[in-house]
Undergrad: 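I'd like to ask some things about the structure below.
Along the sequence shown, residues are numbered consecutively beginning with 1. In this text the structure is predicted, and so the values were computed from the model without any measurement.
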Amino acid sequence: MEPCPSWAGILVGMRVPLRTRLFAALTLLIACAGSAGGYAGLRLGGWLGAGAGMLASMTMVCLGARITISLCRLHTQDFLKQIVGDGRAEASADAVLWGIMLYEAAAFPLAAGGVSAVERESRRTVAYRCAAIDDLPLSVRLAAAETLEVVDQGQDREQVRAAVRALAEVVRECRAGHLDVRDEQPS
């Protein structure tokens, strides 16, 4: 293999992003269409026809590119919405988890008398309202109900933590990108 000239070294190692290459190809396509339209217009109608032909062909290519780009964008958005969804269920599940964790912190404060009865009751109300959201997946709703029941009993802190951990796992499993790599090592 022959060595490249010194001026070509920059171009050989350069990686042009796909988006830039597509815009360059589109620009070249518009220029070629304009030239072809101008030539056809010149042959059919003289210099005035050349301008009109060039303008018409470039307009048609730009319109076709715009329609294609719009359809591709709509197709991509529809595909992503089918895979990921709109995110409401995930956001609602996270809100339930946070609400119940705040209620747990109020039910089992670090310092005696650290949480007033009013604050505990308001956190309980928030946790129950979050658990009643309509967008929640059924698995999260059931796990939240079990966790709230354990926190309401308020007898064993370790039992409450185990219930919150179970709820957190259910919330994590309802996320769109959740993947189990192995049985003992979830992603």
Undergrad: Let me check something: any side-chain donor-acceptor pairs from residues 46-61 under 3.5 Å, sequence neighbours excluded? List them with distances.
TA:
from, atom 1, to, atom 2, distance (Å)
S57, OG, A33, O, 2.7
S57, OG, G53, O, 3.1
S57, OG, M54, O, 3.1
T59, OG1, L55, O, 2.6

Undergrad: For W98, which fellow cluster members are found when Ile, Leu, Val, Met, Phe, Trp and Tyr are connected by side-chain heavy-atom distances below 4.5 angstrom, either directly or through intermediates?
TA: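 Via sub-4.5 Å side-chain contacts, W98 links to none.
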Undergrad: Could I get the full list of side-chain hydrogen bond (donor to acceptor under 3.5 Å, both in side chains) partners for Q159, not counting sequence neighbours?
TA: none
Undergrad: V160, L102: one ILVMFWY side-chain cluster at the under-4.5 Å cut-off?
TA: no
Undergrad: Could you list the donor-acceptor pairs under 3.5 angstrom formed by side chains in residues 18-25, with sequence neighbours left out?
TA:
from, atom 1, to, atom 2, distance (Å)
R21, NE, V16, O, 3.2

Undergrad: For the pair S92 (side chain) and L136 (backbone), establish whether a donor and an acceptor sit closer than 3.5 Å, ignoring hydrogens and angles.
TA: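 No.
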Undergrad: Listed by chain and number, what are the side-chain contact (heavy atoms from CB on, under 4.5 Å) partners of A168, not counting sequence neighbours?
TA: L97
Undergrad: Please tell me whether V115 and V151 are part of a single hydrophobic cluster in this structure, the criterion being side-chain heavy atoms less than 4.5 Å apart.
TA: no
Undergrad: Connecting only ILVMFWY residues whose side-chain heavy atoms lie within less than 4.5 Å of each other, what is the rest of L63's hydrophobic cluster?
TA: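 I67, L71, listed by chain and number.
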Undergrad: With E149, which residues qualify under side-chain contact (heavy atoms from CB on, under 4.5 Å), at least two apart?
TA: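 Partners of E149 by the side-chain contact (heavy atoms from CB on, under 4.5 Å) criterion, ordered by chain and then number, come out as Q153.
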Undergrad: Under the side-chain hydrogen bond (donor to acceptor under 3.5 Å, both in side chains) rule, collect the residues that match up with R141, sequence neighbours excluded.
TA: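 R141: no side-chain hydrogen bond (donor to acceptor under 3.5 Å, both in side chains) contacts found.
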Undergrad: Could I get the full list of side-chain contact (heavy atoms from CB on, under 4.5 Å) partners for S139, not counting sequence neighbours?
TA: P137, V170
Undergrad: Return yes when atom CG of L74 has more than 12 non-hydrogen atoms of other residues, nucleotides or ligands closer than 6.0 Å, and no otherwise.
TA: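 Yes, the 6.0 Å shell around CG holds more than 12 heavy atoms from other groups.
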Undergrad: Say you draw a straight line from CG of L167 to OG1 of T147; how long is it, rounded to the nearest 0.5 Å?
TA: 4.5 Å
Undergrad: List in chain and number order the residues that pass side-chain contact (heavy atoms from CB on, under 4.5 Å) with R157, two or more places apart in sequence or in another chain; answer none if no residue qualifies.
TA: F108, R161
Undergrad: Taking only residues two or more places apart in sequence, or in another chain, which ones meet E119 in a salt bridge (charged side-chain N to carboxylate O under 4.0 Å, His left out)?
TA: R123
Undergrad: Could you work out, with side-chain hydrogen bond (donor to acceptor under 3.5 Å, both in side chains) as the rule, every residue matching D152, not counting sequence neighbours?
TA: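 D152 satisfies side-chain hydrogen bond (donor to acceptor under 3.5 Å, both in side chains) with Y103, R124, Y128 only.
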